[in-house]
Every structure is written in structure tokens, then in C-alpha cells.
Amino acid sequence: MKTTISKSLSAAVSLGLVCFGNTSIAASKSSAPVAAPVVHVITIQGRVAGKQTVTKFADGKIKTEFSYRENGRGPDIFEDITLDANGQLASFTATGKSTFGAPIDETFSRKDGKAAWRSKADAGESAAATSMYVPVESSLETGAITARALLKAKDNKLEALPSGQLSISKILDSTVTNGKVKKPATLYAIAGFGLEPSYVWMWKTATPSTAGMLGVVSPGFSALESGWEGNAEALLKTQLDADGITLKKMAAKFVKKPEGVTVFRNVRWFDAEAAQMRGPSDVFVNRGKIAAVYPPNSIIRQDATVIDGAGRTLLPGLFDMHGHTSPWDSVLQIAGGVTTLRDMGNVNEALADLTAKIDAGASIGPHIVPTGFIEGDSQYKASGGITVKSVDDAKRAIDFYSQQGFRQIKLYNSMRPDWIAPITAYAKERGIRVSGHIPAFMRAEEAVRAGFDEIQHINQVILNFLVKDDDDTRTLLRFYLVGDNANQIDLESQRVKDFIKLLVERKTAVDPTMTAFEAMFLQRQGAANPSFKMVANNVPPTIRRAWLTNSMDVTDKNEAAFKKSYQKLMDFVKLMHDAGVPLLAGTDDIAGFTLHRELELYVMAGIPPVEVLKIATWNGAKYSQVLERTGSIAVGKDADLILVEGDPSKNISDIRKVSLVMKSGAIHFPTELYSTLGVKPFVAAPTLTQVKAAADAK
């Protein structure tokens, strides 16, 4: 369940630093420390949320402790590290528990030229002499060690273990201050860990390969050396400016804007309103709008760019109705055919900046429909958006979002149940939809009666039948209670029927995010992630390996119950659909790829593919409140279109075979975008042909 902070931690995660855990550190068996521990303070939305402590010992050992708390969960991870003469990992041990409770137990060692590793994901050996081991789960310090090793390596490149390649490049120099002295620092970008550059700030020294880490920053999150935390805002601005230059160059290179008319020739096309496939037809686009739909092979009366649609399907652009987006995620969304993204909670300033850049053509990404995130103040609160301490605070937050044109808000776990009715009433006076998690100590049926227009996540729905009055669902209970007990719910019971009837009567939509729970409840450590196994061979090795882990603790004891519970969630989704509850296709996970799987899961639940395609297009536009301009192939609407190899109305898995994406008439080829992100494309791009107007045209 990705929250705002999990996107804010993208800088750390993309460093290969998926940091989890919850245990106590063992007493050190190393010699005396050579210096005082180096502490990095972790700040989330201006709130100190944890720290990283790194201690170096005279015998060469390094010990780290990494911990933070956010949204009722967070990492506690502990490492023992030694380095070789090249600054690479000679030995590494990580212990702890993951964000959702799974234990961590990872080791690596290099001896006599042979490297060996074991983790919950995998185990292996290699004789690679100059290679850098990339842990599955580790601290920020491991990323700094990797940076130093790369700066020392030939051409600043190293083979990665178990596979892949790492490289580092200097971006720029800057200066930071603690109010008394100024010190120089350097921003580096590491490539090879994920689908985007991994930025890290290092202290500038005469020998960069020995420099200490100043820290990492991203919107809403910073981990900076103690005493230097006040530089977070300035460092982030500098970093985002540098990142923006790269993204702007990508937009200039890969976004194509044909002059005049564009024609999708002889293409089958999806009528989203009717949930039927039409054609073959010729679909004309001009000035960013759908201009006409003609019979196939019609006479073209003016010069045009023609795209061969034979054997292909034209769909309205897809909607991801549950994202927490970032600049590089936005590129991946477009590559996956998502032309509109409903952001369900973010750092407000960062989202506004990204939206402006995408709208101006300075960054690649979908149309963004923002949702105003409002959270109550508690020890379990999620950061991002606006935190409130009263109903009046919440009303002021609604005014803030309303005056910026937001048409929906999202309420979160720490909102008090007695606040919901007055808050929803106030929002609706201003024409704003209300959605969210079900606040702790409240049931979904109570939230719906109090005014919720929409519920996020299937677990928040199912908890309606499981929670007791004193169950605090701001904790991990909101996951384990469902995994352990959802299998016992009688879907034929009167209570279930009454609840679904209530959803239908109130026209309450549900954003199930089924993919977010598939691996959580079904994946054992070391097994392929069921959500992404069909695309695993297309992504970089480090991501493929990370997908072999599960942060939930699925064991011999609970595996059978979890599996039955997940099937119960699937059955509940089918029940809601059949009853007429509006479903919305959201993800809350890795951009692009997750939406494709979400649609597959709906079909696996028993919903016909054409209905699933309508959910991903028409429903998305309707409940994003943009149906008047997009969401279907109709004359006068925006040309938000995707061209797919095959026919997803018969085989929903064809939805991954997006060969062309058109957003407001501008063309993007997924082949180009995926290749830039390190992803192997799924299908080739279609050929664009320039055709002269018919000779008899006047």
C-alpha cells in the first residue's frame, strides 16, 4: 500500500535500498570505534521520523542501524559490513523485519575470488572479480558505499552482483551550511539500480572515492547528516532542477507532434460507453482532438500522417485511478498506455510543479487529476498533503484544495470517526467528492452513511466485517486481520448483501487495488511475484530480484489462510461489479505495469474483458470528472488514445502490448521510453507514413 512517503522515499529505494525491519541490535563484537558514529537524521514532511547511525571500528568493520516510523510502520534494519581494498563489499549481513513484518536475513561474502550470497529472495555464487553486490534490503549507507566504489572503479562502472551493471556520474557541486561554516558537497547520479537515476549527495573531498555521505533528499523526505538537516529544501531544489533538465531533454526527443491530420487506418476500436468493440474504421485526429470516425480505407482529403491499424486495437487512453506520482513514474505511465493519472495524495508543492511541467511539455507524463490528501494528527499519521487536528482545520484544508480546482479529497486513517459527517457535508457544499481509507475505529458502512463517495483498497472494504470496536487499523492490523480472517466471511450472508446494497444505493465507488494485495497475500519469499512475473524478464535485474521478496510474513502457518482470503477478496470484487457498484482501476504500486495486472485480475475474478476495459477508460473518466473531454473515442474529445497489438477485449493480457500512445494528439512510442528506462520493449512501434491528399481533393 503505497503512501505519500513511500513515493518520497524513491530516492532511497531506487538506490537499491529497500529498507525495512523491526528488531533490537545485537551487542557489537567488533573492536573499539575509530570515531564517533555518523548520524543521519530522517525527516518526513518537516517531522523527525528516525535516523541512521553508522559506526566504524578499528578492525575495519562497519555497523549500521536504520530506523524510521511513518503511517504506522517503518524500518529497523541492522547491518555488519566489511570492505575490500577496492571499497566494495567483502562481507555483508543484514537482519531485521520488513515494513509489513517479514523477517530479513541476508548475507554476502567474498573469499578467494569467489562471491556467495543468500537472502530471502535467492542464493548464489559468482567468480566475478570486480563486481559490486547489491543487497535486496539495506541501509542508505550501503548506497554511499556503492557510490564510493564506483568513483574508484575504472570508467566509474562496475558489474553488479547478482547481475546487471552500475555506473555513476557527477551532476554538480554545491555548498551547504550549518549556520556557522560552509562545506562543499557534490550530487551524483547512480544508474543501474532501477528505472530512474538514483541521486546521492556526498561531501566534496580531494579524493571523491573516500568521501562521506551528506545524504539523500526527495519531496517530503530527507536523510541528512546530523547538523546539516536545514539544507534539505535547498538541496532538493538543486537536485530537482538538475533532474528536470534530463526530463526536458527526453520530452524534446521522444514526444512527436504531427502537423495536420493523423489517421489511424483500418483499426478496430473500443466503444467505451457501450463496452463493445467496433470497426474496422479510420479514426481521424486533428489539433489534439478526435475529428472523425470513417469507414475503413476512406479517401483522405488532405495531407496526413497515417498509422496502419490492421490487426491492432485502438482504445481510449487508460486511467490509473490510484497513483502517488513522481517525474519518472510519469514517464513509465505513458509507456504503459496511461494517459490520465488520478493522484491520490502527494506532497502538494511537488505535485503542482510536476503537473505544470507536464502541461508545458517540459516533462513526459499523463494528464494528472489531483486529489487533496487530508490526514488526522496522531503517532500513526501519514505525511504528505495536509494534517489536521479538528473539523475546522479540515474545512480550511478543503478550502485550500477547492480554491486550486481540486474536485476530490482523500481522508486517511487517523481522521476521527465523528469528524467524517461534518467534513463530507462541507466538501459537498463545494462540489468536492470524498474518498479515502476508513478511519480507525470506524466501519466502511458507517463511512458510507457519513458521506463517503468512494473507498480506497479492498482491505478497507473487507475490514467492515472483521474489525472489533477496539481494533486499531492504523497499524499493520489492517493487513493481517484481512489475511488471517477474510476467508471466513460468508458472501451469501445478509450482512454482506445489505452492505453491497448500501454501496449501490449511495452510488459509492470502490478502488480495489487488487494487485497491491496479490503478492502481499500469495507470495512466499524467493518465489516469483505473481503480479509481475509476466514482465520480470523485461525489467532491470535489480528490480527483478527485488520482486522475489515479500514484505508480508507469509509462512507455513498462514499461507493457506492468506490464499483463501485473497480469493475471497476476488469474489467480493465480482459481487460488487455484478450488483452495480462502480469499480475504478487503481494501482498504488509501480507505474504502468501494475495497471495491466489490475485489469487481468478483474478478468480472473470473473468480470468480462469488455467490462474491464470500460472500467479502465469510461469509469476512470467519469469518476475523475473529466468525461466531457476524454475516456472514450468520440468526435470532439481529446485524442487520448493507445494502439495495442491484438485484441484485449478477447485477451486482456494484450493490454501490455501498447505500440503507440497519443496524448492530446502528441505521439509517444513505448519502445523508445522503455528502452530509455532500461526496460525491454514488449512490441515494436508502428510505422508512420506521410500520405498526400487524394488527387480529387479541392
Side-chain angles (χ1 to χ4, degrees), residues 9-20 38 40 52 54 56 60-64 66 75 77 79-94 106-110 115 117 119 121 126 128-171 185-205 207-218 223-225 239 540-546 678:
L9 275 169
S10 61
V13 173
S14 64
L15 279 167
L17 316 173
V18 187
C19 310
F20 308 113
V38 176
H40 284 75
Q52 173 180 275
V54 179
K56 297 182 179 180
K61 290 185 177 180
I62 302 170
K63 285 185 174 289
T64 73
F66 183 87
I77 187 166
E79 299 166 329
D80 287 277
I81 300 169
T82 59
L83 306 179
D84 63 18
N86 295 316
Q88 299 174 33
L89 296 180
S91 67
F92 171 86
T93 300
E106 182 170 7
T107 61
F108 169 82
S109 64
R110 191 193 302 274
W117 60 91
S119 71
S126 174
T130 56
S131 54
M132 184 69 188
Y133 180 67
V134 179
V136 177
E137 299 170 283
S138 63
S139 70
L140 298 172
E141 178 61 18
T142 308
I145 290 170
T146 301
R148 288 189 286 268
L150 287 167
L151 289 168
K152 191 173 184 178
K154 182 180 178 181
D155 298 325
N156 299 137
K157 296 179 180 179
L158 285 171
E159 295 301 311
L161 285 177
S163 59
Q165 187 180 70
L166 303 171
S167 63
I168 193 169
S169 57
K170 176 181 174 180
I171 303 300
T186 302
L187 176 64
Y188 293 97
I190 301 175
F193 282 131
L195 300 175
E196 61 186 87
S198 302
Y199 292 110
V200 58
W201 286 91
M202 306 292 287
W203 292 113
K204 185 177 181 180
T205 64
T207 309
S209 61
T210 63
M213 179 179 67
L214 169 57
V216 298
V217 294
S218 62
L224 294 175
E225 188 172 323
Q239 181 176 304
T542 49
I543 295 177
R544 183 163 61 245
R545 185 173 181 238

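Residues meeting the salt bridge (Lys or Arg N to Asp or Glu O under 4.0 Å) test with Arg544, sequence neighbours left out: none. Partners of Tyr133 under the side chain to side chain donor-acceptor pair (under 3.5 Å) rule, at least two apart in sequence or in another chain, are Glu106, Arg545. In this structure, Glu225 has no salt bridge (Lys or Arg N to Asp or Glu O under 4.0 Å) partners at least two apart in sequence or on a different chain. Among residues two or more places apart in sequence or in another chain, the side chain to side chain donor-acceptor pair (under 3.5 Å) test is passed with Lys204 by Asp173. Legend: residues meeting side-chain contact (heavy atoms from CB on, under 4.5 Å) with Ala115, ordered by chain and number and at least two apart, are Phe108, Arg110, Leu161.
Taking the side chain as every heavy atom from C-beta outward, Val38 and Lys56 never approach each other to under 4.5 Å. Side-chain atoms of Tyr188 and Leu150, non-hydrogen and from C-beta on, never get closer than 4.5 Å to each other. Pro135 is not listed as a side-chain neighbour of Trp117, based on a closest heavy-atom distance of 4.5 Å or more. The shortest side-chain heavy-atom distance between Ile543 and Leu195 falls under the 4.5 Å cut-off.
Gln52 places no side-chain N or O within donor-acceptor distance of the main-chain N or O of Ala223, the cut-off being under 3.5 Å. Between the Gln239 side chain and the Val217 main chain, a donor and an acceptor come within less than 3.5 Å of each other. Not a single donor-acceptor pair under 3.5 Å links the side chain of Thr207 to the backbone N or O of Ser209. Judged by distance alone, the side chain of His40 and the main-chain N or O of Met213 form a donor-acceptor pair under 3.5 Å.
Legend: side chain to side chain donor-acceptor pair (under 3.5 Å) pairs involving residues 147-163, not counting sequence neighbours, sorted by first then second residue: Glu141-Arg148, Glu159-Gln165.
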Donor-acceptor pairs under 3.5 angstrom involving side-chain atoms of residues 85-93: please list them, not counting sequence neighbours.
from, atom 1, to, atom 2, distance (Å)
Gln88, OE1, Ser131, N, 3.4
Ser91, OG, Thr82, OG1, 2.4

Task: Test side-chain contact (heavy atoms from CB on, under 4.5 Å) applied to Ser138 and Phe66, step by step - done: CA-CA 9 Å; Ser138 63; Phe66 183 87; over 6 Å; no
- [ ] I would like to know whether Phe193 and Leu166 meet side-chain contact (heavy atoms from CB on, under 4.5 Å); could you show each step before the answer?
- [x] CA-CA 7 Å; Phe193 282 131; Leu166 303 171; 3.8 Å; yes
